[in-house]
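What follows is a set of notes on a single structure, which appears directly below.
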Amino acid sequence: MTSSPPPVTPRSLPSHELPAPAADWVPACVVFDCDGILMDTEANWARVQRAVSERHGLEFTDAMERAMMGWSAADVATAIADAAGADRALVHADVLRTEERTLTGQIVPLPGALETVRAFAERLPVAVASNSTSTILGVKLEQAGFAPHLSTWVSSEDVPRGKPSPDIYAEAVRRLGFAPAEALAVEDSVVGATSAVSAGLVVVAVPSVPDGDPVPAHHRAASLTDPAFRELMARWLG
């Protein structure tokens, strides 16, 4: 018999409808999320969570997948370990091994992602802020071709707390040399957008799950190829 799924910790989230910045606001730098924004690895991450959950006797439900979207490996491991009564360090190691093993052949840039990052990088400093571990994030960005266009990238291992805490976005903007209010974040998850909003960035939500929980944002677009997003880019890049 499988155990009940890990409990989902309620999070204090900002309103999903945020006032747009002033009409003349333009970003001094841009910080992209990675999974679900730049590359299609969300399905692989769900497979990792499912495999580890089931190895520890837990049923991995659709509700769990939605709830843990955007969580760091450490947070996922903690939830699974707590529900299964397992050692957190061992579960965390299992999550990392499983993700690294399943990444091969799964790193596919999303439509418009490379073009978008290159366009911003030609005019502004660009970073990536991700709840991935440092090693995994580096592999993803190198293999998918984003690394040459980035000034820096920040993983969940580079800061005290991963998303939804503001630490990752605050560190990315600090490395780029700007104040949070001067920075644009591009996010697809509630967890990630909460991190960016809490850090003080202007957020564009490009949801990968349109019927999911509303993502807090100042601007919205269906994808990076959406004319609405392209119009914003044209305004910001001049």
Side-chain angles (χ1 to χ4, degrees), residues 1-13 33-107 128-144 152-172 187-196 198-199 208-209:
M1 177 181 297
T2 57
S3 302
S4 58
V8 177
T9 303
R11 303 188 187 277
S12 177
L13 303 176
D33 176 43
C34 182
D35 303 303
I37 285 291
L38 299 183
M39 56 192 75
D40 187 11
T41 54
E42 295 287 3
N44 185 67
W45 182 224
R47 284 192 292 270
V48 170
Q49 294 171 351
R50 180 181 300 279
V52 175
S53 295
E54 292 177 350
R55 274 199 290 274
H56 290 277
L58 302 176
E59 179 186 5
F60 187 74
T61 65
D62 291 342
M64 286 171 59
E65 180 178 347
R66 289 192 298 271
M68 293 196 291
M69 180 181 178
W71 285 23
S72 68
D75 286 344
V76 168
T78 295
I80 293 173
D82 288 351
D87 182 270
R88 295 185 188 185
L90 292 178
V91 175
H92 191 199
D94 189 9
V95 170
L96 297 181
R97 281 195 306 270
T98 303
E99 184 178 18
E100 188 169 6
R101 186 170 63 248
T102 58
L103 271 179
T104 303
Q106 302 295 326
I107 305 176
V128 163
S130 171
N131 259 352
S132 293
T133 60
S134 180
T135 298
I136 293 295
L137 181 58
V139 168
K140 291 175 181 176
L141 295 174
E142 293 284 355
Q143 290 191 17
T152 188
W153 54 81
V154 184
S155 76
S156 60
E157 293 181 324
D158 297 323
V159 293
R161 300 167 298 174
K163 303 174 186 180
S165 295
D167 302 30
I168 286 181
Y169 275 100
E171 174 63 13
E187 266 286 355
D188 72 313
S189 72
V190 174
V191 168
T194 298
S195 172
S198 299
S208 61
V209 187

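Any value given below was found using the heavy atoms of this structure, including those in side chains, with hydrogens, waters and symmetry copies removed.
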Problem set entry | Main-chain N/O of S155 paired to D158 side chain as donor or acceptor, under 3.5 Å | yes

Exercise. Does the side chain to side chain contact (heavy atoms under 4.5 Å, CB included) test come out yes or no for C34 and M39, once each step is laid out?
Worked result: CA-CA 7 Å; C34 182; M39 56 192 75; 3.7 Å; yes

Exercise. Quick one: CD on E187 to NZ on K163, what's the gap to the nearest 0.5 Å?
Worked result: 4.0 Å

Exercise. Would T78 and D75 count as having a side-chain donor-acceptor pair, cut-off 3.5 Å?
Worked result: no

Seminar exercise, completed: So CZ of R50 and CG of L58: to nearest 0.5 Å the spacing works out to 12.0 Å

Problem set entry | Separation between CG of L38 and CD1 of I107, rounded to the nearest 0.5 Å | 12.0 Å

Problem set entry | A73 to L96 - nearest heavy-atom pair and separation | CB-CD2, 3.8 Å

Exercise. Can you check whether R47 reaches T98 side chain to side chain, under 4.5 Å on heavy atoms?
Worked result: no

For this session: Grab the two heavy atoms, one from V154 and one from L137, that are nearest each other, plus how far apart they are.
Result: O-CD2, 3.7 Å

For this session: Output all residues satisfying salt bridge (charged side-chain N to carboxylate O under 4.0 Å, His left out) with R97, sequence neighbours left out; order by chain, then residue number.
Result: none

Problem set entry | Selection residues 130-139 - residue pairs positive for salt bridge (charged side-chain N to carboxylate O under 4.0 Å, His left out), sequence neighbours left out | none

Exercise. Which pair of heavy atoms, one from S53 and one from F60, lies closest together, and at what distance?
Worked result: OG-CD1, 3.6 Å

Exercise. Side-chain contact, heavy-atom cut-off 4.5 Å: E65 with T61?
Worked result: no

Problem set entry | Distance (rounded to the nearest 0.5 Å) between H92 NE2 and I80 CD1 | 10.5 Å

For this session: Could you tell me whether the side chain of S156 and the main chain of S132 form a donor-acceptor pair under 3.5 Å?
Result: yes

Exercise. Going by heavy atoms in the side chains, are Y169 and D33 under 4.5 Å from each other?
Worked result: yes

Exercise. Shortest non-hydrogen contact from A199 to A170?
Worked result: CB-N, 4.0 Å

Problem set entry | Minimum side-chain heavy-atom gap P164-V191 below 4.5 Å | yes

Problem set entry | Side-chain (E157) to main-chain (S134) donor-acceptor, under 3.5 angstrom | yes

Exercise. To the nearest 0.5 Å, how far apart are CD1 in I168 and OG in S198?
Worked result: 12.5 Å

Exercise. Side-chain contact, heavy-atom cut-off 4.5 Å: M64 with Q49?
Worked result: no

